[in-house]
Amino acid sequence: MRQIQIGDITITSIIERDGPWRRPEDFFINYDTAKGLAVLKEEEPEVFDFESGRMYITYQTFVVRTPRYTILVDTCTGDNKGHPPPFDFPKQRWLDEFKAAGLTFEQIDYVFCTHLHIDHCGWNTVLKDGRWVPTFPNAKYVMHRKEYEAWEAAHKRGDDPPGTVFRDNVMPIVEAGLALIVDDDYALDDTVTLTPTPGHSPCHCCVNIFSKGQRAVVTGDMMHHSLQCRDPEMSTKFDWDPVEAGVSRRNFLASVADTDTVLLPIHFPSPTAGTVTADSKGFRYRFKR
Ligand SMILES: [Zn+2]
């Protein structure tokens, strides 16, 4: 996509990495290879590499420029985090694309976290003189209360996940007074609101963007691949609650199917933005070209 327009709002993609990534067999619970291949042949050509048998998975941040604010939604994996493979890939591309979008760290007014997983809050912080500090010093970082509290408790128990993620990406934000811990009905203003879609994580949220009668939704990790539109109950091995994730996915997809609502799923490869239609088998995702 690189850039799309929703009324007065411009949305730009900043990519950290893209290309073939995981095999669906390693990613989804009870994945049926033969059935999956038959479905994938009818999907958009960008979403699967038949040669390697891997899904195309992109890691990206969306920059949302409203008439009032400059907002980031999700911040990929970040640099110097010491994460094990596969999250140790080079991170310079994200910095280069951030700069190429004409942005400075100081310009960011809000950072929305759809959820607090390793690959969605990484650039929340950077390492400075041996300490993790907020990357965007003038931003408020918006996180859902239930998401925050569940990971805080998991961190206190010493669970992995979150491993070091909560300590390095979230705690420095709170300590700096930049966290905005919010509830279901939070609205930044009449242009940006949340729709909770729990399951993939304790309280994953989609971020709605409204302008001039148009709507886009950053759907975070509510779904990772268009296969999950054909079969909304197809959950991943990384889901907090796979059953709840399936319920959230089906309800959300039903709510936007056959409308002009533009979806922006973080991990869908370029052109990323798309719309959903419903049919007898489930839903179908089509890129906006
Ligand atoms: Zn993710």
Side-chain angles (χ1 to χ4, degrees), residues 1 13-24 26-29 31 46-48 54-63 72-79 81 83-89 91 93-94 97 111-125 141-144 147-148 150-151 154 160-166 168-170 194-207 217-229 232 234-242 244-246 248-249 252 263-270 272-274 285:
M1 58 173 255
S13 159
I14 291 178
I15 293 176
E16 195 179 58
R17 83 158 292 285
D18 57 7
W21 192 237
R22 296 184 190 268
R23 300 167 64 240
D26 302 330
F27 193 68
F28 295 113
I29 299 165
Y31 183 75
E46 289 90 347
V47 303
F48 193 71
R54 290 173 189 273
M55 301 180 287
Y56 280 96
I57 298 280
T58 295
Y59 290 80
Q60 62 192 320
T61 292
F62 293 114
V63 182
L72 302 183
V73 184
D74 285 359
T75 61
C76 300
T77 64
D79 209 358
K81 301 285 176 180
H83 293 320
F87 293 111
D88 56 345
F89 56 83
K91 308 300 162 68
R93 179 174 176 183
W94 191 93
E97 293 204 6
V111 177
F112 278 71
C113 304
T114 62
H115 63 304
L116 299 176
H117 276 175
I118 189 168
D119 55 323
H120 293 262
C121 55
W123 288 103
N124 279 9
T125 56
Y141 291 67
V142 180
M143 312 169 199
H144 195 285
E147 179 79 7
Y148 174 82
W151 289 119
D160 185 11
T164 57
V165 170
F166 188 82
D168 295 346
N169 298 350
V170 181
L194 300 179
T195 298
T197 46
H200 173 61
S201 71
C203 196
H204 179 282
C205 287
C206 292
V207 180
V217 190
V218 178
T219 57
D221 279 5
M222 189 204 64
M223 54 185 178
H224 294 76
H225 196 274
S226 64
L227 279 169
Q228 292 169 289
C229 292
M234 184 186 279
S235 287
T236 83
K237 295 176 181 175
F238 306 101
D239 290 341
W240 176 271
D241 182 335
E244 190 182 40
S248 286
R249 205 155 32 243
F252 180 86
L263 304 194
L264 297 163
I266 291 280
H267 293 304
F268 280 29
S270 186
T272 305
Y285 193 87

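In each ligand, atom 1 is the first atom listed, and ligand 1 is the first ligand listed. Just so you know, these numbers come straight off a predicted model, no measurement behind them.
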Check whether [X] reaches the backbone of [Y] with its side chain - one donor and one acceptor, N or O, closer than 3.5 Å.
X	Y	value
E46	S270	no
Q60	I15	no
D74	G220	no

Partner residues of D168 under the salt bridge (charged side-chain N to carboxylate O under 4.0 Å, His left out) criterion, sequence neighbours left out: none
Test salt bridge (charged side-chain N to carboxylate O under 4.0 Å, His left out) applied to E244 - qualifying residues, sequence neighbours left out: none
Protein N, O or S atoms under 2.8 Å from the Zn ion (ligand 1):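 Protein N, O or S neighbours of the Zn ion (ligand 1) under 2.8 Å, waters not counted, come to 4.
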Residue list, ring-ring contact (aromatic ring centres under 6.0 Å, His included) with H224, at least two apart or on another chain: F27, H200, H267
